[in-house]
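Worksheet: one structure, shown below.
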Amino acid sequence: MISGEDALRRLTDTPIGISRDQAIGRLQGWMFGRDRKTSCIVIVLSKEGSEHDREAIDAVYAIAKELHQPEILSPESLHIAGPAIEALEIENSSHKFLIPLNVACYFVSSLLMLLTFRSILVTVVILANAIVCQLLFLATVGYSPWCKLDSILLIAPSLMFVLGVSCAVHLVGYYRDAVRLHGHARAPWETLRSAAAPSLFSSLTTAVGLLSLAISMLVPVQNFGIYAAIGVMLGLLLMGTLPWQLRYFIPEQWAVALIDEHRRFQALSQRAATGIGRNLWVILGINLVIFVAGTAACLHIRAKIRIHDYFLPGSKLVQDYAWLEDRIGPLAPIEIVAKIANGTASPLVDQLLLAEEIQQVVANSPGISATASALNFAPSLTTLKQASLRGVAQRTLLAKRFEEIRDTFVELGFLRTLGPDHLWRISARVFSADKIDYSALIAKMKLDIQARVTEVAGTTADNLEIAITGGVPVLQKAQDQMLDDLISSFICSLVLIWGAIALLFAAWAWMDLPQKNTISLLKPMLVCLAAASLAMIPNVLPVVVVFGVIGAMGVNVGMGSMLTATVAMGIAVDDTLHFLTWYYRSRRDGRTQTQSVSDAMEHCAKAMMQTTAIFVFGLAVFTLSPYLPSARYAAIMCSMLFIGLIGDLIVLPAILLSPMGRAFDLGISRRAVPNTSRPDPSP
């Protein structure tokens with residue numbers, strides 16, 4: 001720990017002995033502000049302090065409280081910034097409103113279910129199961145020795161809840177149909193028989209979408225994908241018991257009380273299917289234009305991670321950064337480490353001259369506003385460059401002084417010795433709010449340093465290694481990695497989900513083949529692959545639209561945003577599979593494409609709208625979170641799920657009603673006796 005006054009004292013006392021004005025000039029922009037009066041304290045946490053950063057920061061506030069003088073210092077007027085306080089504020093901000101927002105999500109979801117099902121008992125059963133899904137996920141993380149609930153993983157519990165509600169709502173729809181057609185006693189088994197395949201593959205595709213995030217090189221993103229996928233599958237096991245819960249807790253009268261409403265929805269489904277059929281080429285044409293434009297706009301997506309992107313502008317940390325950078329200097333660090341091999345063979349004076357050249361190159365780099373190194377705490381080296389007797393004498397004198405203050409360099413963290421090698425640190429600062437292409441800056445800085453060192457040091461440059469690290473380069477690397485991971489995980493998820501859908505279609509085709517052998521499955525399998533490709537269109541649509549808008553508007557993608565593409569696609573596939581299940585069953589019974597689309601809408605469109613409404617309004621409450629990655633995650637997810645509903649209820653039916661829809665017949669023959677009549681929905 002060193003204060004401005006401590007630094008001044010080191011510079012003005014022997015053996016350095018420069019004037020106070022000169023000392024302040026060296027420290028300006030780092031420990032002293034432009035007014036040459038405002039100063040600060042620099043605290044470097046030890047390894048133990050970094051492991052217990054909360055206790056360390058609390059100790060600082062405790063000292064401020066002990067020294068409380070309203071006119072000089074109070075804990076409220078203390079301005080603190082840096083990596084340690086950033087980590088704590090991220091943790092505090094992501095946890096602070098977690099419980100209130102979850103309660104609000106429960107309330108909104110319960111209200112929507114109550115309005116939809118008009119039954120308190122049904123609402124309570126679904127709500128209880130969804131909360132248990134959430135608790136199963138938290139227990140998985142809690143009992144895992146390899147993971148802790150970090151700020152990214154905290155997004156997952158709300159996702160588990162709405163996924164549980166979504167699965168339960170679909171199962172309730174299947175259960176109500178089973179009661180109406182088979183009676184109360186047989187309803188659970190009939191529900192399981194009808195819902196098993198679409199529910200299993202829906203959960204699998206969602207889990208696959210989440211699991212694709214495990215290819216990320218960012219550990220928080222890996223953990224989110226792996227543990228959320230485990231949570232989805234545990235939730236599916238729980239939901240397998242839901243039909244029996246409904247059997248014992250929900251009266252039979254509730255399931256058969258909505259026959260008139262069912263008939264009205266049946267008529268509405270017929271009109272919707274007919275209307276889409278009349279305008280299918282317009283719908284498909286608009287969809288094609290959106291895909292082309294959205295894909296082109298997605299190419300302009302850029303990733304950005306800054307401390308300002310995590311918090312609201314009025315938050316204390318952002319205000320503290322603004323206060324300190326306005327009065328002291330920039331705070332975002334870039335650390336340049338020059339390793340001089342076999343430094344013990346090179347005089348300390350020569351090493352300092354080399355460090356000075358590097359510091360000048362760094363200081364002249366665009367965007368760099370302040371630098372600090374051992375040179376800031378050393379006597380002037382100007383006379384050493386004079387080719388005169390005086391220069392030789394000064395060199396001898398300064399060499400002795402440098403050995404005296406060598407421990408100061410080590411204490412301040414500007415010099416470290418590793419065996420025969422010496423490591424010199426030059427610390428540069430940039431303003432945290434600046435929008436700079438740090439990848440280009442760091443690459444150019446490294447080239448300029450190497451060129452300058454080669455110019456002034458000649459062959460000794462062979463013994464020099466330059467490494468650039470620090471908060472800014474690490475964040476830049478995380479940004480570049482995050483964008484790569486976004487693309488990689490999306491492609492991986494796309495391929496895996498496409499494969500899972502093709503596998504489901506192949507299973508359907510296999511069951512209806514008269515001769516079950518590999519040769520007879522070959523042609524249907526090719527058709528299954530084509531059908532799976534078409535089925536992915538409405539599920540890719542939300543990603544293309546939302547990220548296309550983000551790219552066109554020039555909005556930077558953050559950590560929370562990158563999770564949404566694969567997650568939303570995995571969720572959107574759920575509705576697609578339920579819709580296609582009913583469509584395929586109707587086509588297999590000999591109905592026309594229009595009738596089959598109408599049947600699919602009749603049986604699952606209402607549940608799709610219900611689940612989307614619960615998803616959107618349930619997650620919408622998290623847009624109020626002060627932790628901006630969570631808020632942006634919720635906003636993007638809501639947008640994608642709403643567009644996904646449009647894709648499943650408009651674009652998918654248009655594909656099924658077009659000539660492309662014949663691919664969904666899966667190359668199998670229909671039943672011998674076509675049944676074009678519609679069953680009476682009455683019990």
Side-chain angles (χ1 to χ4, degrees), residues 25-31 44 83 329-382 384-385 395 398 402 406 409-410 412-432 434-481:
R26 290 191 182 189
L27 299 173
Q28 203 168 6
W30 180 47
M31 299 194 72
V44 179
L331 296 175
I334 299 177
E335 306 293 344
I336 300 91
V337 178
K339 178 183 177 182
I340 300 178
N342 197 20
T344 54
S346 177
L348 200 62
V349 172
D350 293 338
Q351 295 183 45
L352 279 166
L353 286 170
L354 194 60
E356 184 184 39
E357 296 292 344
I358 296 172
Q359 185 172 357
Q360 288 179 356
V361 172
V362 173
N364 293 330
S365 299
I368 302 298
S369 301
T371 60
S373 74
L375 276 301
N376 293 64
F377 292 88
S380 174
L381 303 179
T382 304
L384 297 180
K385 301 175 183 178
R395 181 186 182 90
L398 286 178
F402 287 147
R406 180 192 186 103
F409 299 159
V410 175
L412 295 173
F414 292 121
L415 172 63
R416 176 172 291 183
T417 302
L418 294 177
D421 303 332
H422 286 173
L423 277 67
W424 294 89
R425 180 171 69 93
I426 296 93
S427 184
R429 294 289 186 269
V430 297
F431 285 99
S432 59
D434 283 355
K435 297 181 178 180
I436 300 173
D437 184 354
Y438 291 114
S439 291
L441 170 64
I442 293 167
K444 184 178 185 301
M445 185 187 296
K446 198 164 188 177
L447 290 174
D448 290 345
I449 290 173
Q450 290 172 340
R452 182 61 176 164
V453 167
T454 302
E455 178 185 345
V456 302
T459 56
T460 61
D462 296 335
N463 299 325
L464 183 70
E465 294 181 23
I466 301 295
I468 300 179
T469 183
V472 170
V474 169
L475 281 179
Q476 182 63 49
K477 181 64 176 176
Q479 289 169 193
D480 297 340
Q481 187 64 53

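Here the structure is a predicted model, which means the values were calculated and not measured. This chain uses plain numbering: 1 for the first residue, then up along the sequence.
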Considering non-hydrogen atoms only, spot the tightest contact between F414 and W30 and give its length. CZ-CH2, 3.8 Å
Which atoms form the tightest heavy-atom contact between F377 and R26, and what is the distance? N-NH1, 4.2 Å
Do E356 and L352 come within less than 4.5 Å of each other through their side chains, counting heavy atoms only? no
Minimum heavy-atom separation for A370 to G29, with atom names? CB-O, 3.4 Å
Sorted by chain and number, sequence neighbours left out, side-chain hydrogen bond (donor to acceptor under 3.5 Å, both in side chains) with K446 holds for none
Closest non-hydrogen atom pair, L375 against A355: CD2-CB, 3.9 Å
Pairing residues for A428 by the side chain to side chain contact (heavy atoms under 4.5 Å, CB included) criterion, not counting sequence neighbours: I334, I336, V362, I368, T371
When you check the gap from the basic side-chain N to the acidic O, do D448 and R452 get nearer than 4.0 Å? no
List in chain and number order the residues that pass side-chain hydrogen bond (donor to acceptor under 3.5 Å, both in side chains) with R416, two or more places apart in sequence or in another chain; answer none if no residue qualifies. none
Let me confirm one number: the CG-OG distance from L412 to S427, rounded to the nearest 0.5 Å. 11.5 Å
Shortest non-hydrogen contact between G367 and V430, atoms and distance: O-CG1, 3.2 Å
Full working for side chain to side chain contact (heavy atoms under 4.5 Å, CB included) between T417 and R406: CA-CA 11 Å; T417 302; R406 180 192 186 103; 3.7 Å; yes
Taken to the nearest 0.5 Å, the spacing of M445 CE from I426 CD1 works out to 10.5 Å
Which pair of non-hydrogen atoms, one from F431 and one from G329, has the smallest distance, and what is that distance? CE2-C, 4.3 Å
Can you pull out every salt bridge (Lys or Arg N to Asp or Glu O under 4.0 Å) where at least one residue sits in residues 329-339? Sequence neighbours excluded, please. E335-R425, E335-R429, K339-D421
Can you sort out the partners of N364 under side chain to side chain contact (heavy atoms under 4.5 Å, CB included), two or more places apart, ordered by chain and number? none
Would you sort out whether V453 and E357 count as a side chain to side chain contact (heavy atoms under 4.5 Å, CB included), showing the intermediate values? CA-CA 7 Å; V453 167; E357 296 292 344; 5.7 Å; no
CD1/I449 to CD1/I466 distance, rounded to the nearest 0.5 angstrom? 5.5 Å
